[in-house]
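Side chains included, hydrogens not; waters and symmetry mates left out as well; all remaining heavy atoms used. Sequence lines set the chain letters: A, B, ... in the order given, protein chains first and strands last, and positions in each chain run from 1. Quick caveat: nothing in here was measured; it's all calculated off a predicted structure.
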2 protein chains.
Amino acid sequence: MQHWIIDREASPLPTWREAMPAAQLLGRGQLGVVRFAGPGVIWSRLHAGEPVANALDGVDRSGGQPVVLLSDVPEEAQVLEALALGVAGCCNSRAAPEVLRQVAVVVSNGGLWVGQSLLRQLVGATSRRLGQLPRDTENDDWRLLLSEREVQVARLVAGGASNKEIADRLAITERTVKAHLTAIFEKLAVRDRLQLSLRVNGVRI
Amino acid sequence: MQHWIIDREASPLPTWREAMPAAQLLGRGQLGVVRFAGPGVIWSRLHAGEPVANALDGVDRSGGQPVVLLSDVPEEAQVLEALALGVAGCCNSRAAPEVLRQVAVVVSNGGLWVGQSLLRQLVGATSRRLGQLPRDTENDDWRLLLSEREVQVARLVAGGASNKEIADRLAITERTVKAHLTAIFEKLAVRDRLQLSLRVNGVRI
DNA sequence: CCGGCGACTGTACTTTGGTTCAATGGATTC
DNA sequence: GAATCCATTGAACCAAAGTACAGTCGCCGG
């Protein structure tokens, strides 16, 4: 896996070299000509005081490689802004090498990476918000009628996935996905995946 | 570091043994007499369909060890509920050994662990709440992008109707319904009726 | 008057979804 | 050990969804 590190002044920290010895270092000025190809991670450093957009400016993201923000002064608002811009993660630019390696693993597998403190805040805010809502349990009946595997399939369908996508995700054949779906339709008395989606997502028909 | 695994029927999965060969396995019945001492992680399994509170019931947490929920059927609401109860993390009970080891490292250092899909939702929910940058506008925008007739069709599709049903309801041919749908998919940049339904019903994708 | 847009429809086609046969292996239960 | 449930897959098939290409009609603004 390739690593590309973008830094304003091309001043890499030693920890980066340790975590990614084979990384290619790029100054922001060189970005015009660089095209990222193949699997890898794009790391972009944000110096203290800089606006978040600077880190993404001029970065060719058509290759699909995840971008990780290396922030000198990480803070929650900055991280959220960066995530909204499509960044796969943010971490302290002075994070330890093993942390950087872990971040790379997570984001290169399609995951997001946020720091522990931000995570706590996100969780706190959300659970507080949920606590105020009346938790309707009657909507959960569908899960009780299905097997574990069927619940997994139902969730993916409800999220808009095609049979092929579900098959890939669960590492089974499309045929098996269809078999599960037929069973689900029967058990929940719905006629197709769209009505299943409505049921799972709690939309009254 | 010590690992304690609590399971209702003391039926450990082989992956657990692989991740934590020296773990001590406990049935729920034995909890009355067990006191956790020294550094370590308490893993508690939640079987499918069980209320979250079961996993914490009778667990002596005075020792300060983090508790991780091993859920057979992990889902967002459950994870949030568990976190509100003071759990340090939740993961799929069938997670790979290396994942379990990683979870152990994180939580034993005071971190929280949540799955990638939940993290995405938390980030999405929070950034939507803070700045209305990403989907907030998009979500109600669908109507503005469509013609009057297309809105009617979109609504019926979102409610689970088939093309034939829509045609009958609007007194047009099935062919015309398809034409409207093709236009709708194009305008809203979705690929099929299910994703359209999610968009119209305001479900986060 | 013309160009563009929206509503509407036809024929023909490809793709995806879903069902009907059928079968295997594991786990659990009686 | 038989019975049952679950997960898995194959081949074949039908139906629904969706696309491509093409065309008509009415309305509206320049």
Side-chain angles (χ1 to χ4, degrees), chain A residues 142-200 205, chain B residues 7-17 45 47-50 72-73 92-94 142-200:
Chain A
W142 64 272
R143 261 187 15 248
L144 306 176
L145 296 170
L146 305 181
S147 72
E148 272 182 53
R149 200 57 157 168
E150 287 163 354
V151 169
Q152 291 176 6
V153 172
R155 285 230 157 79
L156 290 168
V157 163
S162 69
N163 289 344
K164 180 74 172 62
E165 287 169 341
I166 297 171
D168 291 344
R169 182 85 78 90
L170 299 181
I172 55 181
T173 64
E174 212 176 323
R175 176 64 192 85
T176 309
V177 175
K178 290 182 177 182
H180 286 310
L181 277 175
T182 301
I184 292 170
F185 296 157
E186 163 79 21
K187 287 180 177 178
L188 298 185
V190 295
R191 73 174 177 214
D192 56 31
R193 62 203 299 111
L194 184 28
Q195 298 205 337
L196 170 61
S197 160
L198 295 177
R199 177 80 167 270
V200 170
I205 307 180
Chain B
D7 194 343
R8 190 175 55 186
E9 297 126 2
S11 53
L13 301 187
T15 47
W16 303 354
R17 281 267 163 252
R45 180 183 194 178
H47 289 259
E50 270 191 304
D72 283 1
V73 190
N92 196 309
S93 55
R94 289 171 307 281
W142 66 270
R143 213 180 331 209
L144 305 175
L145 295 171
L146 305 181
S147 72
E148 207 178 318
R149 201 56 157 169
E150 287 164 353
V151 169
Q152 291 175 8
V153 173
R155 285 230 158 82
L156 290 168
V157 164
S162 69
N163 289 346
K164 182 73 173 62
E165 287 168 343
I166 297 171
D168 290 345
R169 181 84 78 89
L170 299 182
I172 53 180
T173 64
E174 212 176 322
R175 178 63 192 87
T176 308
V177 175
K178 289 183 178 181
H180 286 312
L181 278 176
T182 301
I184 293 170
F185 296 156
E186 164 79 19
K187 287 181 178 178
L188 298 186
V190 296
R191 72 173 178 216
D192 55 31
R193 61 204 300 116
L194 184 31
Q195 298 204 339
L196 170 61
S197 161
L198 295 178
R199 178 79 167 270
V200 171

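Leu198(B) approaches Ser197(A) most closely through the heavy-atom pair CD2-OG, 3.7 Å. For the residue pair Glu174(A) and Asn163(A), the shortest heavy atom distance occurs at CG-CB, 3.7 Å. In plain terms, the two heavy atoms of Ile166(A) and Val153(A) that are nearest each other are CD1-O, 4.3 Å.
Of the listed nucleotides (dA7(C), dG18(C), dT19(C)), dA7(C) has the atom at the smallest distance from the side chain of Ser147(B). Counting only heavy atoms from C-beta on, Arg149(B) has its side chain closest to dA7(C) among dT8(D), dA7(C), dG18(D). Closest to the side chain of Leu181(A), from the set dG18(C), dA17(D), dA7(D), is dG18(C).
Spacing between atom CD1 of Ile184(A) and atom C1' of dA7(D) amounts to 12 Å, rounded to whole angstrom units. Between Lys178(A) atom NZ and dT15(C) atom P there is a gap of 14 Å when expressed in whole angstrom units. Rounded to whole angstrom, the span from the CZ atom of Arg193(B) across to the C1' atom of dG17(C) amounts to 11 Å. Protein atom CG of Asp192(A) is 16 Å distant from nucleotide atom C1' of dC14(D), rounded to whole Å. We find that CZ of Phe185(B) is positioned 12 Å from C1' of dT16(C), with the value rounded to whole Å. Between the CD atom of Glu148(B) and the P atom of dC5(C) there is a distance of 19 Å, given to the nearest Å. Atom-to-atom, CG of Leu196(B) to P of dG18(D) comes out at 9 Å; the value is rounded to the nearest Å. One interatomic measurement links the two molecules: CD of Glu150(B) to C1' of dA7(C), which rounds to 9 Å at whole-angstrom precision.
Within the nucleic acid shown, Ala183(B) has no heavy atom closer than 4.0 Å to any nucleic acid atom.
Within 6.0 Å of the CZ atom in Arg191(A), the count of heavy atoms belonging to other residues, nucleotides or ligands exceeds 12. Other residues, nucleotides and ligands place no more than 12 heavy atoms under 6.0 Å from the NZ atom of Lys164(B).
Within the 3.5 Å criterion, the main-chain N or O of Ala158(B) finds no donor-acceptor partner in the side chain of Arg199(B).
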Summarise protein proximity over nucleotides 23-30 of chain C in one line of letters, 5' to 3': B for base, S for sugar-phosphate only, - for none, counting protein heavy atoms closer than 4.0 Å.
--------
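Annotation: proximity of residues 162-176 of chain B to DNA chain C (heavy atom, distance under 4.0 Å) is found for Ile172(B), Thr173(B), Arg175(B), Thr176(B), numbered in ascending order.
Direction of the helix axis in the helix from dC1(C)-dG30(D) to dC30(C)-dG1(D) shifts by 40° between the two five-pair termini, rounded to 10°.
For the pair Thr182(B) and dT19(D), the criterion of a side-chain N or O lying under 4.0 Å from OP1 or OP2 is met.
For the atom pair CZ (Arg149(B)) and CG (Leu146(B)), the distance works out to 13.5 Å, reported to the nearest 0.5 Å. To the nearest 0.5 angstrom, Arg193(A) atom CZ is 6.0 Å from Leu181(A) atom CG. Atom OG of Ser162(A) is separated from atom CD of Gln195(B) by 9.0 Å, given to the nearest 0.5 angstrom. Rounded to the nearest 0.5 angstrom, Arg143(B) CZ and Leu188(B) CG are separated by 12.0 Å.
Between the side chains of Gln152(A) and Arg155(A), no donor-acceptor pair is found at a separation under 3.5 Å.
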